[in-house]
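First the structure, in the form of structure tokens, and then the observations on it.
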Number of protein chains: 4
Amino acid sequence: MAQPSSTPGSKQSTPARKRAAPAGRPSRDPAVVRRRLTEAATRRFAAAGFEGVNSNQIAREAGVGVGTFYNHFRDKHEVHQAVVLDTLEGLQDAVTRAAPDAAAPVEQQVRALVEGVLSFAEGHADRFRVAFGAEAAPHRPPRSARATGDVAQPSRAQVGYSTRATERRLAQLRDAGVLEPTLDPAVAARAFVAMQNEVVCWWLDDPSRATREGVIETLVKLHPAIAAARK
Amino acid sequence: MAQPSSTPGSKQSTPARKRAAPAGRPSRDPAVVRRRLTEAATRRFAAAGFEGVNSNQIAREAGVGVGTFYNHFRDKHEVHQAVVLDTLEGLQDAVTRAAPDAAAPVEQQVRALVEGVLSFAEGHADRFRVAFGAEAAPHRPPRSARATGDVAQPSRAQVGYSTRATERRLAQLRDAGVLEPTLDPAVAARAFVAMQNEVVCWWLDDPSRATREGVIETLVKLHPAIAAARK
Amino acid sequence: MAQPSSTPGSKQSTPARKRAAPAGRPSRDPAVVRRRLTEAATRRFAAAGFEGVNSNQIAREAGVGVGTFYNHFRDKHEVHQAVVLDTLEGLQDAVTRAAPDAAAPVEQQVRALVEGVLSFAEGHADRFRVAFGAEAAPHRPPRSARATGDVAQPSRAQVGYSTRATERRLAQLRDAGVLEPTLDPAVAARAFVAMQNEVVCWWLDDPSRATREGVIETLVKLHPAIAAARK
Amino acid sequence: MAQPSSTPGSKQSTPARKRAAPAGRPSRDPAVVRRRLTEAATRRFAAAGFEGVNSNQIAREAGVGVGTFYNHFRDKHEVHQAVVLDTLEGLQDAVTRAAPDAAAPVEQQVRALVEGVLSFAEGHADRFRVAFGAEAAPHRPPRSARATGDVAQPSRAQVGYSTRATERRLAQLRDAGVLEPTLDPAVAARAFVAMQNEVVCWWLDDPSRATREGVIETLVKLHPAIAAARK
DNA sequence: AATGAATGAGGGTTCATTCAT
DNA sequence: TATGAATGAACCCTCATTCAT
């Protein structure tokens, strides 16, 4: 939600019938306020991590009162979840859109994937950091929520999910005899997702660390489907 | 899960002249107390993450008073640092000892490295988790320390350190024409360290997820020196 | 705990070995601090009711920091419980001590009981108010505690308990044919306890409302064992 | 549990000219909205006590917006007052209607009174609980109101009011030489009202605790006019 | 050196009430 | 008049750290 541009005419086009806020701040449109909160949270979480941020800061950064924050999210965990979920979804879309013909050579598919992820990350650096950065650690939900057990799985689990697809694809390739049979798809998938997330976050933090192409080429070369291809 | 006997003549060798107190508990030897604190901290950090633990818990788990904790460490960050540093050191030792002749074929060297890391992790699961697990996130030092800027760099930087050696080795190999020239050593090193840490932590959490050999084989195959070897 | 004198040489006699606090405030003796907190809480609860008081106020009134309050009690409910329980216990003692020979005529026993309760209430007005006043309403325990269900029964239940003895005694008397058979012991017991508590609290609030004797005489006359005695 | 039909021509008779809105919900009639709010508040207060309920809940339960709540009542205390006052009034009516000829024997009058109160309570359990239950505690008016002193007396005072009549009647009887002269009418009145309220609430909470007749018989026997009648 | 009670800033969350629509 | 989003003071409680013993 933080970085605009990429997704074209999204929500900011408050339909004429909604009376664009009178140029001033308080915007009566709940969706707008919620977006402002999510964006503020994204920025703060990206900068300071879940524990390094408090609800007052988020509210202040969003330009609203604390109470308003709690009108939109049950608690701090919920915003975090929202950011992570949004990001996962956005990433999924980006990757899907970037995917070439399924019949294309494997390397081309892998490169498209990596390129897709990187592009998304460039356009949504903060969201990417929140979802996949070092701070995307499992958070202890508040005692109350913990008791009722109704908090969604923490971000790591979500990451695990995106691992699944990779794992399946690798298993197919291995079974098709294209990959080294000693490669464990589950391990390899986990490995790739971890390296990709880490490398991308690291590079975003200081893009002078490597060229964009270097990042892509290297990740492609290390992708199990390429790295462990049978010679 | 604390530090067993693998690292030989380390601290546990309480010099004979300072025999543990009669019944065993109150141990007057500062080094022993410190070790007990470090171990307690390791267990707690591994289980609950930096933010999920408080100094009283650590002290209680170590069987000493809170005050004693602060006699041995300036603050909570310091114990954490100590655990991380110890682990890095131990890991370095383990890897060094496991390394074969420098003239051995690359794959053998890589396998020895991976095997060395995995063995260390198995013997020091909690320490490994603290140093490399998801919770090993950068911690916000307390406001006071932040102001004076005199807290050591957070764990991530330490991880970066262990990346350095890998990076240099890869650069050599690439310059020697053994690796694909498009591979960026810095990126590749980062990628490998990330995948290795993540995979090992993930596997330690539930060893039924893969066989030991599967983990090793797969990491070896994905190591840049193997994966990006020129065909 | 508020009103001294009655219980003779109780806790305030800090044994010489404990080093009487250096005349100053901070008293290192936990029992003393806890007593100060309980007393402060008693005063505040008596004056403003459970919901009308906050932990900071209690701590301030006790002359300690908030943290100290929470070092001694898990939460606000716990102090309240402590006050109520202490009071019930004290009342029980007082009544027991005041009870005449079991062979004495019923009226004498009843009078001794009422007189005992009233004396206790006079000596411990605030505690009595907290335990039996209008504010002694069931309090919603904090969400966390509610989940784990480990909060003791709220004061009302405690009141119910003291009702039990009365009920048993009335049942005996009725079965012995001394009381009107249409009298329901459970109802009567409940009724008597309620009237006694209410009347005493009301009278304590403004002793000019009735003479001490008037209160006692009237309560005795209305006690089921007297009021419903068979003519 | 809200107010059913027992009290005849009261408010529910929305004048024909103001028919409830077509489908039934949004009702434009202020009196209807207010009634819905009062009823909702009654249910919530009865269930959770004054402090256990918040204005949003009342509004939601009434099916209106929070704003509407504040259009009808100055604040939360005002609805509570309204419920209590309504109840007192209704109870007064009920009792008056049930009262037999003033020349009837005292016991018959007392029984009619008790029976009247009990019947009213059965028909308006929630209102009775709100007005007389344990939760009917004095509420701390909001700071602002407290300063200006313009909030009506809390419920207890109201209860005191209904005590007045009893007190006068008892004084008459005593002066007429029918009652023991040592009985203090003020104390006795207070005692009776308290016991009656408590017993009725207790019985309503679980009617299996006693038979309806048992409750009535016992309360009658314990009424000062009977209990303290001169033999 | 060891102890553990004391401390209070800070954080998460609630809720009575307001006010623009 | 009805609405419900917005507000922020207030409250409960935690925990890193200190310090008297």
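This structure is a prediction, so every number in the text was calculated from the model and none was measured. Order of the sequence lines fixes the chain letters, A, B, ..., with proteins taken first and strands second; residue numbering starts at 1 for each chain.
Between B/F50 atom CZ and F/dT14 atom P the separation is 19 Å, expressed in whole Å. In this entry the distance linking CD of D/E78 with C1' of E/dT17 reads 14 Å, nearest Å. If you measure from atom CD of B/E51 to atom P of F/dT14, you get 16 Å, rounded to the nearest angstrom. If you measure from atom CD1 of A/I58 to atom C1' of E/dT13, you get 13 Å, rounded to the nearest angstrom. Remark: P of F/dT17 and CG of B/D75 are 5 Å apart, rounded to the nearest angstrom. The CZ atom of C/F73 sits 15 Å away from the C1' atom of E/dA6 (whole-angstrom rounding). Whole-Å rounding puts the D/H77 NE2 to E/dC15 P distance at 14 Å. Put simply, CZ on B/R74 is 14 Å from C1' on F/dA16, counting in whole angstrom units.
In this structure, the nucleotide among F/dA6, E/dG12, E/dT3 sitting nearest to the side chain of B/V64 is E/dT3. For C/P30, the side-chain atoms get nearest to E/dA5 when compared with the rest of E/dG12, E/dA5, F/dA6. Nearest to the side-chain atoms of A/V66 among the listed nucleotides E/dT17, E/dA16, F/dA9 stands F/dA9. Counting only heavy atoms from C-beta on, B/N71 has its side chain closest to E/dT3 among E/dT7, E/dT3, F/dA16. Checking E/dA2, F/dA2, F/dA16 against the side-chain heavy atoms of D/T68 singles out F/dA2 as nearest.
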Pair C/E78-C/D75, side chain to side chain contact (heavy atoms under 4.5 Å, CB included): steps then yes or no: CA-CA 5 Å; C/E78 206 176 270; C/D75 56 30; 3.8 Å; yes
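Note on D/H72: a side-chain N or O is less than 4.0 Å away from OP1 or OP2 of F/dA2.
Of all non-hydrogen atoms in A/K76 and A/E51, the two that sit nearest each other are NZ-CA, 4.2 Å.
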For residues 60-73 of chain C, run the donor-acceptor check on the side chains, cut-off 3.5 Å, and write out each pair with its distance to 0.1 Å, sequence neighbours left out.
{"residue": "C/E61", "atom": "OE2", "partner": "C/R43", "partner atom": "NE", "Å": "2.7"}
{"residue": "C/E61", "atom": "OE2", "partner": "C/R43", "partner atom": "NH2", "Å": "3.4"}
{"residue": "C/Y70", "atom": "OH", "partner": "C/S55", "partner atom": "OG", "Å": "3.1"}

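Stem regions annotated for DNA chain F: E:2-21 with F:2-21, counting only runs of 3 or more consecutive pairs of Watson-Crick or G-U type with both contacts under 3.5 Å.
Note on A/N54: only backbone sugar-phosphate atoms sit closer than 4.0 angstrom, heavy atoms only; bases stay farther off.
Ring-plane geometry between A/H80 and A/F45 is classed as perpendicular, the angle between the planes exceeding 60 degrees on a 0 to 90 degree scale with a lower cut at 30.
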